[in-house]
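Counting starts at 1 for both ligands and their atoms, following the listed order. All residue numbers in this chain count up from 1 along the given sequence.
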Amino acid sequence: MIPDDVIRERVERLRQVVRYHSYRYHVLDDPEISDAEYDALMVELKELEAAHPELVTPDSPTQRVGAEPLPEFEKVQHRRPLLSLDNAFDGEEVRAWEKRVLRLLGNGAGVNYTVEPKIDGLAVSLRYENGLLVQGATRGNGFVGEDVTQNLRTIIAIPLRIPVVGDESPPRYLEARGEVYMPRDRFDQMNQRREAEEKRPFANPRNAAAGSVRQLDPSITATRPLSVFMYAVGEVEGASLATQCDALSFLRRMGFPTAANIARCDTLDEVLDLYGQWMAQRDDLNYDADGVVIKVDSLEQQDLLGEVSHAPRWAIAFKFPAHEGITRLVRIGVNVGRTGSLNPYAELEPMVVGGVTIRHATLHNEADIHRKDIREGDTVIVKRAGDVIPQVVAPLTELRSGQEEVFEMMKTCPACGEQVVKPEDEVMYYCINASCPAQLVGRVGHFASRGAMDIEGFGERLAQAFVENGLLVDVVDFYYLRRDDLLSLEGFADQSADNLLAAIEASKNRPLWRLITGLGIRGVGGVVAQLLTRHFASMDELMGASQEGLEEIEGLGPHTAQSVVDFFSQGRNRRLIEKLRRADVRMTRLAEEEAREEGPLTGQTFVITGTLPTMSQEVAAEYIEAQGGRVTSSVSRNTSYLLSGERPGGAKVERAKELGVPIIGEDDLRRLVDGA
Ligand code: IVH
């Protein structure tokens with residue numbers, strides 16, 4: 001037996017927490033937990049109270065529905081209460097609900113159902129008199145809401161006047177009900193903007209919608225991308241409706257948006273089938289839906305069924321598995337990515353969300369952690385949607401004990417111990433040690449790739465195998481491989497080993513720009529490397545270059561210059577170059593790298609961005625230079641053309657437009673050369 005005082009304490013604690021979250025949700029419009037989590041707390045409280053009725057108090061959150069409206073808004077008495085819905089979490093519960101419906105309606109009654117998405121937004125009631133919007137209110141506690149007419153008037157999707165369609169005139173009186181929501185794409189855009197302005201992002205579209213409607217200043221609401229789906233007719237004079245389907249098509253004729261794909265079903269099996277379909281496409285919708293609402297279609301049957309306390313018997317919400325959960329963030333760890341980025345992640349106390357156990361979640365970067373004020377030891381909301389990696393959304397700051405620790409990114413790489421750098425204008429920290437073990441596979445793969453040293457037959461898969469077998473400890477070990485080493489690996493025979501060794505040998509004499517590209521210096525791809533070899537005859541010259549010297553090179557930005565200097569300032573990277581030299585890898589440029597061809601593009605300067613249809617950026621650069629043109633890495637007044645492919649860099653395109661630099665495609669380039 002659990003002692004009474006322990007239960008009493010638990011009940012009191014639950015009440016406190018439920019009250020707190022109910023206040024966040026209903027009054028502040030800034031909930032910190034999902035509906036599912038709130039429901040779970042409420043269920044536990046109800047169960048404890050049911051088992052210990054002597055503990056029930058009149059002010060327990062179980063004893064009323066909803067919370068008080070904000071005092072600042074005028075109050076609106078709803079003519080008919082806005083009910084809430086009972087929830088079902090599995091098919092069994094839905095079948096039990098149907099059973100009760102059929103029992104209450106009496107044997108032999110035919111029942112149809114509508115299946116609608118349960119939109120996760122803010123419920124509103126709109127009153128129209130002779131077609132004119134006269135009042136808009138929130139649900140509030142179901143009986144009394146807040147007058148938010150001025151705010152709702154700013155939502156374009158809400159008609160201010162019901163249009164006259166054909167010979168159907170608007171009803172004398174109409175109360176329409178629906179859900180204000182923020183479309184997901186617009187929500188993402190808005191949050192990006194807020195982040196750029198260093199404002200705290202909204203946790204989810206529901207918060208954003210609710211917070212926007214309940215602004216005391218309607219001009220703020222007007223700037224928020226809100227929309228609405230209507231799902232019910234409350235009261236109507238001057239129209240007769242027999243079914244929920246009628247009501248929805250009536251609403252559509254009256255100019256209101258309703259959710260697409262609402263279906264009528266004859267059997268519960270069809271209903272359950274539709275639930276599956278909605279769930280499958282849930283992540284593809286442009287609005288958040290946390291389940292479907294199943295309604296008895298006939299309004300007469302709805303009346304017969306009536307309601308119990310706060311919820312109708314004629315409808316039920318069949319919830320989707322949760323996308324969010326709450327747990328403790330034990331520690332913030334840092335992974336080194338293949339490109340050297342230091343990626344923070346959350347180590348979580350394991351928890352189950354939507355049937356999956358989650359132990360880790362991403363945290364993006366240090367700035368994001370600080371903006372969201374996430375600390376080690378915090379209780380946090382974790383979101384997991386579809387196949388997306390779980391994310392820490394926000395901390396529950398009121399649960400802090402004071403022991404939580406503010407995170408600070410380490411100054412040395414957790415994998416190799418070298419100093420890390422944080423380029424200006426970037427949010428990520430990077431380890432720039434070319435021999436860092438965490439990056440080795442990626443770096444070796446890049447070194448050997450077609451855009452760099454072009455070692456035939458050597459892709460990332462082999463790089464992985466070599467690193468795993470301890471044959472490569474840095475990028476350069478490559479040139480110290482022996483035949484026996486290769487033969488010791490599974491899949492290598494005499495012939496394939498010889499081929500690879502020959503390919504490695506051949507790579508020693510590549511143009512200098514390829515070697516520079518292969519080093520994987522941040523910001524230095526093939527095009528920039530070619531630019532560098534125009535100015536530096538050898539690796540030694542490049543290594544000796546100063547920041548100022550590099551910045552003088554036209555077309556090379558200061559960030560790239562800094563990145564080159566940083567790279568060669570690391571002792572490890574300089575030792576790597578020595579090791580390359582000892583292996584007889586070419587360290588000076590070829591004659592053709594220096595000489596500039598005369599040709600149809602002489603005097604023209606190009607910048608390349610995006611993926612071109614047939615050429616890689618490096619090939620395009622070589623092509624342009626072979627025709628006498630120049631390629632630089634940033635758009636300036638001196639740029640003649642921006643050569644752009646798919647997924648171009650936004651900043652380059654913007655700058656080109658700003659300066660009036662023509663933007664051309666690969667075809668145009670060929671025409672310039674052919675003179676066509
Ligand atoms: S019907 C009396 N239909 O869910 C029936 N409600 O948990 C209640 N909701 O307050 C309204 N989508 O804000 C209905 N298609 C839909 C809905 C929906 C979302 C919301 C509504 C309500 C809450 C109940």
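Residue A311 places every heavy atom at 4.0 Å or more from ligand 1. For the ligand labelled ligand 1, residue R177 lies outside the 4.0 Å heavy-atom shell.
Remark: R161 fails to qualify as a cation-pi partner of Y128 under the 6.0 Å distance and 45° angle criteria applied to the six-membered ring.
Considering E175, E235, Q135 in turn, Q135 is the only one that fulfils the side chain to side chain donor-acceptor pair (under 3.5 Å) rule with R127.
Not one N or O of S84 is nearer than 3.5 Å to an N or O of ligand 1, by distance alone. In terms of polar-atom proximity, defined here as any N/O pair under 3.5 Å, Y231 does make such a contact with ligand 1.
For F202 and F187, the gap between ring centers reaches or exceeds 6.0 Å.
A distance-only check finds a donor-acceptor pair linking the side chain of E37 to the backbone of S34 [under 3.5 Å].
Nearest non-hydrogen protein atom to atom 20 (C) of ligand 1 is E179 OE1, 3.4 Å. Shortest contact from atom 10 (O) of ligand 1 to any protein heavy atom: R139 CD, 3.8 Å. Looking at atom 3 (N) of ligand 1, its nearest protein heavy atom turns out to be K295 NZ, 3.0 Å. For atom 5 (C) of ligand 1, the closest non-hydrogen atom on the protein side is L85 CD2, 3.6 Å. The nearest protein atom to atom 15 (N) of ligand 1, hydrogens excluded, is given as E116 OE1, 2.8 Å; this is a heavy-atom distance. Scanning the protein heavy atoms around atom 12 (N) of ligand 1, the nearest turns out to be I119 N, 3.0 Å.
Annotation for ligand 1: atoms under 4.0 Å from non-hydrogen atoms of P312 are 2 (C). For ligand 1, the atoms sitting less than 4.0 Å from at least one non-hydrogen atom of V293 are 3 (N), 15 (N), 16 (C), 17 (C), numbered in the order shown with element in parentheses.
With a 4.0 Å heavy-atom cut-off, ligand 1 is reached by the backbone of K118 and by its side chain too. At a heavy-atom cutoff of 4.0 Å, ligand 1 is contacted by no atom of A317, backbone or side chain.
Judged as a salt bridge (Lys or Arg N to Asp or Glu O under 4.0 Å), and not counting sequence neighbours, the contacts of E116 are K295.
In this structure, a donor-acceptor pair under 3.5 Å is present between the side chains of E146 and T138.
Ring geometry, Y287 versus F229: the interplanar angle exceeds 60°, so the pair is classed perpendicular (tilted spans 30 to 60°).
For residues 246-264, the side chain to side chain donor-acceptor pair (under 3.5 Å) pairs, not counting sequence neighbours, are E168-R253, T243-D246, R252-T258, R264-D297.
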Worked verdict on F318 versus F89 for ring pair (Phe, Tyr, Trp, His ring centres under 6.0 Å): CA-CA 6 Å; F318 189 2; F89 294 96; 8.7 Å; no
